[in-house]
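Numbers for residues simply follow the sequence, beginning at 1. Predicted, not measured: the structure shown is a model, and the values here were computed from it.
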Amino acid sequence: MQLSASELILNADKSIYHLNLLPEDLAETVIVVGDQNRVPLVSKYFDTLELQKGKREFITHTGMLNGTRISVVSTGIGTDNIDIVMNELDALVNIDFGTRTIKEDKTSLDIVRIGTSGGIQPDIETDSFLLSEYAIGFDNVLHFYESEHIQHPEMQLAFIDHSEWSVFKSIPYVVESDLQLTEKLRSDKVILGFTGTNVGFYGPQGRRLRLLLEDNDLNSKLSSFEYNGMRITNLEMETSAIFGLAKLMGHRAASMNCVLANRITGQFSKDPVKTIDSLIKYTLDKLTAY
């Protein structure tokens, strides 16, 4: 089936619409970062840099490190942007732009998020590295796709019951990382976590400035939830959609978080720039190790 121009949108140079990339621009190992200014903080460690492209908040650098070709792509904040990025990354490797048809032989990408996060357990110290094994999404992106088969309904229902989740909010969904890629990134330097992906930074993460919250006890409900020995460890805004869409598309995904704040103890990193840089170097070393 040929995809119409309104479904697969290409620019005048035949690059994919938002990312502004041609298929040959993308490596099969992809690091995604929320902040576009973090892209050069990753690519500065490459041995060689072959490509720099951008459009809007979507900046891409592609190069080589230790014999591995890597692309680093900025996503912007939130799961709505992740829906754009993941679909367009997949299109770059699994759709023939010339014929506008889906390829028979599919390519699986390794997609690793490097991002910042807030801890919601008192024993998770600031400046810790956290590798997400699972994510619970409070967004609605995955519900627009046939995705029930990759979710964990018993865990979801347990959380809904525990938190007295409002029927006016999106139904939380639980998805897991790629086991093989997560195993490659783990070590005794990282905490294994269960990440909460929020739809905003203020109210959805229990922050109150001038507006009243629907649930003043949200963060305590999140931190006190436990299922088969697992507890929600941290909050951020992209991981659940990355995990879910990657699984649906046949890609491998993992999420590396540096914990800059602890919402329970009120602490914040004394040197967030150093912590982020250390996480970048750690992740690159793990991804390109022989």
Item to check | NZ or CZ of Arg207 within 45° of Phe201 ring axis and under 6.0 Å | outcome: yes
Checklist entry - Any side-chain donor paired with an acceptor under 3.5 Å for Glu57 and Asn81? => result yes
Next on the checklist: Is it the case that over 12 heavy atoms from other parts of the model lie below 6.0 angstrom from the CZ atom of Phe268?
Outcome noted: yes
Item to check | Non-hydrogen side-chain atoms of Gln52 and Leu49 separated by less than 4.5 Å | outcome: yes
Item to check | Arg100 with Asp96: basic N within carboxylate O range, under 4.0 Å | outcome: no
Item to check | Student check: side-chain heavy atoms of Arg263 and Gln205 closer than 4.5 Å | outcome: yes
Next on the checklist: Parallel, tilted or perpendicular: which one describes the rings of Phe225 and Tyr227, with boundaries at 30° and 60°?
Outcome noted: parallel
Checklist entry - Counting distance only, does the side-chain N/O of Thr62 pair as donor-acceptor with the main-chain N or O of Leu51 below 3.5 Å? => result no
Item to check | Salt-bridge present (Glu164, Lys221; N to O < 4.0 Å) | outcome: yes
Next on the checklist: Let's go through Thr233 and Ile124 carefully: what are the C-alpha distance in whole Å and the side-chain angles of both, what is the deciding distance for side-chain contact (heavy atoms from CB on, under 4.5 Å) to 0.1 Å, and is it a yes or a no?
Outcome noted: CA-CA 8 Å; Thr233 50; Ile124 296 179; 3.7 Å; yes
Checklist entry - CE/Met237 to OG1/Thr75 distance, rounded to the nearest 0.5 angstrom? => result 10.0 Å
Checklist entry - Any luck finding a side-chain donor-acceptor pair between Ser132 and Asn257 under 3.5 Å? => result yes
Checklist entry - Where do Asn66 and Asp47 land on the side-chain contact (heavy atoms from CB on, under 4.5 Å) test, with the steps shown first? => result CA-CA 7 Å; Asn66 298 331; Asp47 296 325; 4.0 Å; yes
Checklist entry - Under a 4.5 Å cut-off applied to non-hydrogen side-chain atoms, are Leu10 and Leu8 in contact? => result yes
Next on the checklist: Which label fits His18 and Phe58: parallel for a plane angle under 30°, tilted from 30 to 60°, or perpendicular past 60°?
Outcome noted: perpendicular
Item to check | Test item: Leu185 and Leu287 side chains (from C-beta on) under 4.5 Å apart, heavy atoms | outcome: yes
Side-chain donor-acceptor pairs under 3.5 Å in residues 21-39, sequence neighbours left out?
| from | atom 1 | to | atom 2 | distance (Å) |
| --- | --- | --- | --- | --- |
| Asp25 | OD2 | Leu22 | N | 2.8 |
| Asp25 | OD2 | Lys53 | NZ | 2.7 |
| Asp35 | OD1 | Asn37 | N | 2.9 |

Checklist entry - Of the non-hydrogen atoms in Leu130 and Gly193, which two are nearest, and what is the gap between them? => result CD2-CA, 3.8 Å
Item to check | Cluster check Ile77, Val112: I/L/V/M/F/W/Y, side chain < 4.5 angstrom | outcome: no
Next on the checklist: Go through it in stages, so that I can follow the logic: the residues are Arg231 and Asp123, the test is salt bridge (charged side-chain N to carboxylate O under 4.0 Å, His left out), and I'd like the CA-CA distance, side-chain angles, deciding distance and then a yes or no.
Outcome noted: CA-CA 12 Å; Arg231 57 183 186 158; Asp123 58 313; 2.7 Å; yes
Item to check | Within-4.5 Å side-chain heavy-atom neighbours: Leu109 and Leu89 | outcome: yes
Checklist outcome for this item: Correct closest heavy-atom pair for Thr239 and Thr197 would be N-OG1, 3.4 Å
Next on the checklist: Are Leu209 and Val199 linked, directly or through intermediate hydrophobic residues, by side-chain heavy-atom contacts shorter than 4.5 Å (ILVMFWY only)?
Outcome noted: no
Next on the checklist: Quick check on the hydrophobic clustering: are Leu245 and Ile95 connected, directly or via other members, by side-chain heavy-atom contacts under 4.5 Å?
Outcome noted: yes
Checklist outcome for this item: Heavy atoms of Phe97 and Lys14 approach each other most closely as CD2-O, 3.3 Å
Checklist outcome for this item: Heavy-atom closest pair (Asn87 atom, Asp83 atom, distance to 0.1 Å) is ND2-O, 2.8 Å
For residues 135-142, run the donor-acceptor check on the side chains, cut-off 3.5 Å, and write out each pair with its distance to 0.1 Å, sequence neighbours left out.
| from | atom 1 | to | atom 2 | distance (Å) |
| --- | --- | --- | --- | --- |
| Asp139 | OD1 | Tyr173 | OH | 2.8 |
| Asp139 | OD1 | Ser240 | OG | 3.1 |
| Asp139 | OD2 | Val141 | N | 3.0 |
| Asp139 | OD2 | Tyr173 | OH | 3.0 |

Item to check | Atom pair CG/OG of Leu279 and Ser128 - distance to nearest 0.5 Å | outcome: 11.0 Å
Item to check | Stepwise side-chain contact (heavy atoms from CB on, under 4.5 Å) test for Gln267 and Glu125 | outcome: CA-CA 9 Å; Gln267 295 177 319; Glu125 298 180 359; over 6 Å; no
Next on the checklist: Looking at every non-hydrogen atom in both residues, tell me the closest pair between Glu236 and Glu238 and how far apart they are.
Outcome noted: OE1-N, 3.0 Å
Item to check | Spacing of CG belonging to Leu235 relative to OG1 belonging to Thr116, to within rounding of 0.5 Å | outcome: 11.5 Å
Next on the checklist: Set out, in order, the CA-CA distance, both residues' side-chain angles and the distance that settles salt bridge (charged side-chain N to carboxylate O under 4.0 Å, His left out) for Lys281 and Asp277, then state yes or no.
Outcome noted: CA-CA 6 Å; Lys281 288 189 286 187; Asp277 184 61; 3.6 Å; yes
Next on the checklist: Main chain of Glu133, side chain of Glu176: is a donor-acceptor contact present, judged purely on distance under 3.5 Å?
Outcome noted: no
Checklist entry - Transitively linked via ILVMFWY side-chain contacts under 4.5 Å: Trp165 with Ile232? => result yes
Next on the checklist: Side chains of Asp127 and Thr275: any donor to acceptor distance under 3.5 Å?
Outcome noted: yes
Next on the checklist: Quick check on Lys103: does its NZ atom have over 12 non-hydrogen neighbours (other residues, nucleotides or ligands) under 6.0 Å away?
Outcome noted: yes
Next on the checklist: Determine whether Gln156 and Gln151 satisfy the following criterion, side-chain contact (heavy atoms from CB on, under 4.5 Å), listing intermediate values before the conclusion.
Outcome noted: CA-CA 8 Å; Gln156 293 163 193; Gln151 298 178 31; 3.1 Å; yes
Next on the checklist: Once rounded to the nearest 0.5 Å, what's the spacing between atom CD1 of Ile280 and atom CG of Asp285?
Outcome noted: 12.0 Å
Checklist entry - Does the side chain of Leu222 come within less than 4.5 Å of Phe159's, by heavy atoms? => result yes
Item to check | Test item: Thr48 and Leu65 side chains (from C-beta on) under 4.5 Å apart, heavy atoms | outcome: no
Next on the checklist: Would you say CD1 of Ile171 has more than 12 non-hydrogen atoms from neighbouring residues, nucleotides or ligands within 6.0 angstrom?
Outcome noted: no
Checklist entry - Rounded to the nearest 0.5 Å, how far does OG of Ser255 lie from CG of Asn234? => result 7.5 Å
Checklist entry - Out of curiosity, does Leu181 fall in the hydrophobic cluster containing Val175 (side-chain heavy atoms, cut-off under 4.5 Å, transitive links)? => result no
Checklist entry - Just checking, is any N or O donor in the side chain of His251 or Thr107 under 3.5 Å from an acceptor N or O on the other one? => result no
Next on the checklist: Check whether Ser74 reaches the backbone of Gly76 with its side chain - one donor and one acceptor, N or O, closer than 3.5 Å.
Outcome noted: no
Checklist outcome for this item: Smallest heavy-atom separation, Glu214 atom then Ser166 atom, equals OE2-CB, 3.8 Å
Checklist entry - So does Glu50 pair up with Arg69, basic N to acidic O under 4.0 Å? => result yes
Checklist entry - Below 6.0 angstrom between ring centroids: does that apply to His61 and Phe46? => result no
Item to check | Close side-chain approach of Val259 to Phe129, heavy-atom, < 4.5 Å | outcome: no
Checklist entry - At what distance, to the nearest 0.5 angstrom, does CG of Leu131 lie from CE of Met256? => result 5.5 Å
Checklist entry - Do other residues, nucleotides or ligands put more than 12 heavy atoms under 6.0 Å from Lys274 NZ? => result no
Checklist entry - Would you find a donor on one side and an acceptor on the other, under 3.5 Å apart, between the side chain of Asn198 and the backbone of Pro204? => result yes
Next on the checklist: Does either side chain, that of Asp13 or that of Ser15, offer a donor lying less than 3.5 Å from an acceptor on the other one?
Outcome noted: yes
